[in-house]
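Read the structure below first, then the notes.
Naming convention: chains lettered A, B, ... in sequence-line order (proteins, then strands); numbering from 1 in each chain.
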There are 2 protein chains.
Amino acid sequence: MFSKACEYGLKAMISIATKSEKGQRTNLKEISKDINSPEQFTAKILQQLSRNKLIHSVQGAHGGFEIQKENLGKIKLIDIVKTIDGDKLFVGCGLGLNECDASKPCPIHHRFIGIRENLTKVLSETSLEKMSHDVNGGLAFLNR
Amino acid sequence: MFSKACEYGLKAMISIATKSEKGQRTNLKEISKDINSPEQFTAKILQQLSRNKLIHSVQGAHGGFEIQKENLGKIKLIDIVKTIDGDKLFVGCGLGLNECDASKPCPIHHRFIGIRENLTKVLSETSLEKMSHDVNGGLAFLNR
DNA sequence: CTTTAATCGGATAATTTTATCCGAGTTATA
DNA sequence: TATAACTCGGATAAAATTATCCGATTAAAG
């Protein structure tokens, strides 16, 4: 479903959120330990998320990554997915046809629409805040 | 969602089905022209589908590929997807965790279940027969 | 029996994705 | 002002996916 990079990105965002929620800043080493991901590869993904303003990076000693508290509720999973994997999951033909719409549909077009709407809805509705609450409350886990 | 190989596989299966439905046998050249796919790569995918008994291959002159008529209604899209992409779309954690279940869920676990069930349902319900009817009837298209 | 038209399957190449390396830049603090 | 603890970003490497090449095999038909 998601690329490896996107999985790391989602987990990293949630990890950062759990700290930001408590007013703490975290850093690369802590994040990749927390989500069990390769450090340097994770760094690239964090840079990408930072350039796209989903997280705020602070350089230098005691630096690291954080998310503005007021953004925790605003950032939805779909924002993260689109930043890393683009929107290929949400637009375009399920069979990879260049042209495919209701007037000239591929054979799975109509069936696919429902799946896609469902996926879009779930990812659009789920905020980082909710995720990080679950993790901080011991209801969900990042590292298994 | 699906790998390129899987997209070609799905399209190829539908292409073969449209011919088999009419009692005709088709071949690699015709298929890859029909679905606009690279011939040799498509050949590999057809071999895979053949080894897994989803299609029947006939070697030699006038050979090619066909699907038993009685199988057109039995083969579902999910069978093709599982043959080519495996079941990674249908099992395992959406965030790539090794252990993730209702008792120790990842943060998106519960939300993901619905999406996955929906996807599984649609792909399990849709038969090749239905797809090929749509294409033969001009209601759907493979090559755009 | 030879030619022709097909699939089979191993090898290789190209591209994309995943992962790592490392020097440069930034900032807190002693 | 020197050092330590960070991120930044370009370069490279490794692995997986996508794609191609080509000789071997199979079978129909002249």
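- We find that CD1 of Ile16(A) is positioned 14 Å from C1' of dC6(D), with the value rounded to whole Å.
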Could you list the protein-to-nucleotides 12-17 of chain C atom pairs, N/O on both sides, closer than 3.5 Å?
none

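- When the side-chain nitrogen and oxygen atoms of Ser50(B) are compared with OP1 and OP2 of dT7(C), none of them lie within a distance under 4.0 Å.
- Taking side-chain N and O atoms only, Tyr8(B) has a distance below 4.0 Å to OP1 or OP2 of dA19(D).
- Here dT12(D) presents its P atom at 17 Å from CD of Gln40(A), a figure rounded to the nearest Å.
- Residue Ser57(B) places none of its side-chain N or O atoms closer than 4.0 Å to OP1 or OP2 of dA6(C).
- Both His62(A) and Ala43(A) sit near DNA chain D, but only His62(A) has its closest nucleotide nearer the 5' end.
- Rounded to whole Å, atom P of dT20(D) lies 15 Å from atom NZ of Lys29(B).
- Between Lys121(A) and Glu125(A) there is a salt bridge, since at least one side-chain N of the basic residue sits less than 4.0 Å from a carboxylate O of the acidic one.
- The aromatic rings of Phe112(B) and Phe2(A) sit tilted, their planes meeting at an angle between 30° and 60°.
- In this structure, CD of Gln59(B) is placed 16 Å from P of dA29(D), rounded to the nearest angstrom.
- In this structure, Asn36(A) places its CG atom 15 Å from C1' of dT18(C), rounding to the nearest Å.
- Counting any heavy atom pair closer than 4.0 Å across all strands shown, Lys44(B) reaches a base atom.
- Contact check for Lys33(A) versus Lys29(A): no side-chain heavy atoms found under the 4.5 Å cut-off.
- Taking side-chain N and O atoms only, Arg51(B) has no distance below 4.0 Å to OP1 or OP2 of dC8(C).
- Atom-to-atom, CD1 of Ile45(A) to C1' of dT18(C) comes out at 9 Å; the value is rounded to the nearest Å.
- DNA chain C is contacted by both Glu39(A) and Ala61(A); Glu39(A) maps to the nucleotide lying nearer its 5′ end (nearest heavy atom per residue).
- No side-chain donor from either of Asn52(B) and Thr83(B) sits under 3.5 Å from a side-chain acceptor of the other.
- Pairing each heavy atom of Pro107(B) with each of Phe141(A), the nearest pair is CD-O, 3.2 Å.
- As rounded to whole Å, 18 Å separates atom P of dT17(D) from atom CE of Met1(B).
- Residues Leu97(A) and Lys11(B) form a side-chain contact, since some pair of their non-hydrogen atoms from C-beta on lies under 4.5 Å apart.
- Counting non-hydrogen atoms under 4.0 angstrom, Leu28(B) reaches the backbone sugars and phosphates but no base.
- Judged purely by distance below 3.5 Å, without hydrogens or angles, the side chains of Ser20(B) and Glu66(B) never pair a donor atom with an acceptor atom.
- Here dT7(D) presents its P atom at 17 Å from CD of Gln48(A), a figure rounded to the nearest Å.
- Both Asp85(A) and Phe65(B) lie close to DNA chain C; mapped to their nearest nucleotides by heavy-atom distance, the more 5′-ward contact belongs to Phe65(B).
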